[in-house]
**Q** 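Pasting a structure below so you can have a look.
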2 protein chains.
Amino acid sequence: MASKERILRLKDETRTNILAASIAIVKEEGWQALSMRKIADKIEYTAPIIYEYFSNKDAILNELTREGFVKLAKLMEIAISEHSDPAKQLEAMWLAYWNFAFAEKELYQVMYGVEMNCCAMANTCSDTQITMNMLWDKIEEIIPAEKRTEEYVDTKYYTFWSVVHGLISINMTRKSTSDELNKQVLKDAITGIISSMR
Amino acid sequence: MASKERILRLKDETRTNILAASIAIVKEEGWQALSMRKIADKIEYTAPIIYEYFSNKDAILNELTREGFVKLAKLMEIAISEHSDPAKQLEAMWLAYWNFAFAEKELYQVMYGVEMNCCAMANTCSDTQITMNMLWDKIEEIIPAEKRTEEYVDTKYYTFWSVVHGLISINMTRKSTSDELNKQVLKDAITGIISSMR
DNA sequence: TAAATAATCTAACACTGTTAAGCAAAGTTA
DNA sequence: TAACTTTGCTTAACAGTGTTAGATTATTTA
């Protein structure tokens, strides 16, 4: 009787173990090192066993993504509960989002498709720099002389870059949003930041 | 005499062909489908030949990244040349950046490590939605009633998300920037957008 | 104890990046 | 012209990947 429950509990446990082993491997060696055989090794089984719990590797990644979103939602609820003013709440929520991204870096990566793969973007090659410098210089030019410190230019530069790159990569990973909305957000952000500079 | 030059030119040509074949494959089937053997097939050689032009697969990706930055820099110079007012120039530069990202989607992906790998973020699962809704609702709450249209909330929501996600993913791929600067940009952006809402 | 079922593993397939060995044509030298 | 060297390219292999089918072992049931 109860043995059935025990078995079910055990099955559930190895399912959890698979996920835990996966995230552990990723934390140790990065996403590109995650393989079915390595997971199997860690849970002391052979690879085909995993397919009785997940239909394929993507299913594991999907489940980790789901767990990531659940965790994030919980953190946001906490953030809300710690303030009463809505504006403060919103700010705390975004801060929670930010902190989550770095506290659970690996989860954030699989949730939002950041880097994961290839070449590590090591590229500090000169060509990478050119574009940056062009933008940086132009921003510096616009900022009135009395405000023009390196720090200030840096801040504005990163703000620009973040909003534009963010909008782009959000659009690339989930392609739902309308072009109208994108252009709107983009224009708003650009003109907003520009006007804030002077 | 001249035959040496011809041969060198041919060598250069197959180098170019390798890069062209690579980007063609990626455009047809995505980054995860890019393999050495497929490239070799396309240039009508066998795989080991590629290693006489590039030390490994990463080197190909690096070269494509470099080419991407060169292209982007050129587009930005054009953007500058088409305006005289610095603010307009800067705006045109960011628009050029934006347009480049979608015109040369594959290059942008390898340049900035967007998605590339895995599971395509298909995830329209409910858990994904929860976080979004929490933020969306809170934003809606803050916006004064007279401005509160769905479009307006959407715009603000995406602006928020873009700047935060952008800042995060920039930090994850190139980990140079200081925490000070990050917090500064983040706080500035959040409070800036919040104050712009009401 | 024997049959049936569940749990697990081995072996294999078709791929991946990468390297070493070999072949055949071309160029160089005697 | 004959022998030698270099070049261009291929085949074969290694170790790894995700995934599946079949065999094997262990457990439960009759």
Side-chain angles (χ1 to χ4, degrees), chain A residues 1-19 21-26 28-65 110 116-120 122, chain B residues 1-19 21-26 28-65 110 116-120 122:
Chain A
M1 292 301 129
S3 79
K4 292 226 164 148
E5 281 175 38
R6 199 200 74 235
I7 285 168
L8 273 181
R9 210 166 50 235
L10 274 180
K11 283 212 82 167
D12 231 55
E13 212 172 289
T14 70
R15 205 191 115 95
T16 315
N17 286 345
I18 290 170
L19 295 169
S22 303
I23 199 70
I25 292 165
V26 172
E28 285 159 22
E29 311 176 60
W31 281 105
Q32 92 235 116
L34 182 65
S35 81
M36 299 303 261
R37 284 174 179 84
K38 238 177 225 167
I39 298 171
D41 254 32
K42 205 142 208 163
I43 60 169
E44 295 180 299
Y45 277 110
T46 50
I49 285 296
I50 303 174
Y51 290 85
E52 302 203 347
Y53 299 89
F54 297 94
S55 63
N56 52 34
K57 194 183 176 184
D58 265 15
I60 297 176
L61 300 186
N62 264 309
E63 180 55 24
L64 289 175
T65 304
V110 70
M116 313 264 313
N117 203 353
C118 112
C119 66
Chain B
M1 293 297 133
S3 79
K4 290 229 164 144
E5 282 175 36
R6 199 200 72 235
I7 285 167
L8 273 181
R9 211 166 49 234
L10 275 179
K11 283 212 84 167
D12 231 56
E13 211 172 289
T14 69
R15 206 191 113 96
T16 316
N17 287 344
I18 290 170
L19 294 170
S22 303
I23 199 72
I25 291 165
V26 173
E28 285 160 23
E29 311 177 60
W31 281 105
Q32 92 236 114
L34 183 66
S35 81
M36 299 302 262
R37 284 175 179 84
K38 238 176 224 167
I39 297 172
D41 255 32
K42 204 142 206 161
I43 61 170
E44 295 179 298
Y45 279 110
T46 50
I49 285 295
I50 303 175
Y51 291 85
E52 302 201 348
Y53 298 89
F54 297 94
S55 64
N56 52 32
K57 194 182 175 184
D58 266 16
I60 297 176
L61 300 186
N62 265 307
E63 181 55 25
L64 289 175
T65 304
V110 72
M116 312 264 315
N117 203 354
C118 113
C119 67

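Chain A is the first sequence line, chain B the second, and so forth, proteins listed ahead of strands; every chain is numbered from 1.
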**Q** In chain order, what residues pass the side chain to side chain contact (heavy atoms under 4.5 Å, CB included) check against I23(B), with sequence neighbours excluded?
**A**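 So I23(B) forms a side chain to side chain contact (heavy atoms under 4.5 Å, CB included) with K27(B), E106(B), L107(B).
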
**Q** What I want to check is whether the side chains of Y45(B) and T14(B) have a donor and an acceptor closer together than 3.5 Å.
**A**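 Distance-only check fails for Y45(B) and T14(B).
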
**Q** Return the value, rounded to whole Å, for the distance between atom CD of Q32(B) and atom P of dT16(C).
**A**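 Value for this atom pair: 12 Å.
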
**Q** Output the rounded distance in Å from CD1 (I18(B)) to P (dC9(D)).
**A**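 Roughly 11 Å, once rounded to whole Å.
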
**Q** Counting any heavy atom closer than 4.0 Å, what does I39(B) reach on the DNA or RNA strands: base, sugar-phosphate only, or nothing?
**A**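 The residue I39(B) makes no contact with any strand.
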
**Q** Does any part of the side chain of F54(A), heavy atoms only, come nearer than 4.5 Å to the side chain of L19(A), both counted from C-beta?
**A**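 Of all side-chain heavy-atom pairs linking F54(A) with L19(A), at least one is under 4.5 Å.
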
**Q** Considering non-hydrogen atoms only, spot the tightest contact between I39(B) and S22(B) and give its length.
**A**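 Taking I39(B) first and S22(B) second, the nearest heavy atoms are CD1-OG, 3.3 Å.
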
**Q** I'd like to compare against my own output: the B/S/- annotation of nucleotides 19-26 of chain D with a strict under-4.0 Å heavy-atom distance to protein.
**A** BB------

**Q** With sequence neighbours left out, write down each residue that passes side chain to side chain contact (heavy atoms under 4.5 Å, CB included) with T46(B), or none if nothing qualifies.
**A**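 For T46(B), the residues satisfying side chain to side chain contact (heavy atoms under 4.5 Å, CB included) (neighbours in sequence not counted) are P48(B), I49(B).
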
**Q** Would you say I60(A) and M36(A) make side-chain contact, with heavy atoms under 4.5 Å?
**A**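 Yes, their side chains come closer than 4.5 Å.
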
**Q** Indicate whether OP1 or OP2 belonging to dT16(C) is found under 4.0 Å from a side-chain N or O atom of S35(B).
**A**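 Yes, S35(B) has a side-chain N/O under 4.0 Å of OP1/OP2 on dT16(C).
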
**Q** Quick one: list whatever passes side chain to side chain contact (heavy atoms under 4.5 Å, CB included) with E44(A), sequence neighbours left out.
**A**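 Expected list: none.
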
**Q** Please list, chain by chain and in numerical order, all residues satisfying side chain to side chain contact (heavy atoms under 4.5 Å, CB included) with E29(A), sequence neighbours excluded.
**A**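 E29(A) satisfies side chain to side chain contact (heavy atoms under 4.5 Å, CB included) with I25(A), A33(A), K38(A) once adjacent residues are dropped.
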
**Q** Distance check needed: dT18(C) C1' versus I49(B) CD1, whole Å only.
**A**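 These atoms are roughly 14 Å apart.
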
**Q** Please give the angle, rounded to 10 degrees, between the axes at the start and the end of the helix from dT1(C)-dA30(D) to dA30(C)-dT1(D), where five pairs define each axis.
**A**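 It comes to 30° between the two terminal axes.
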
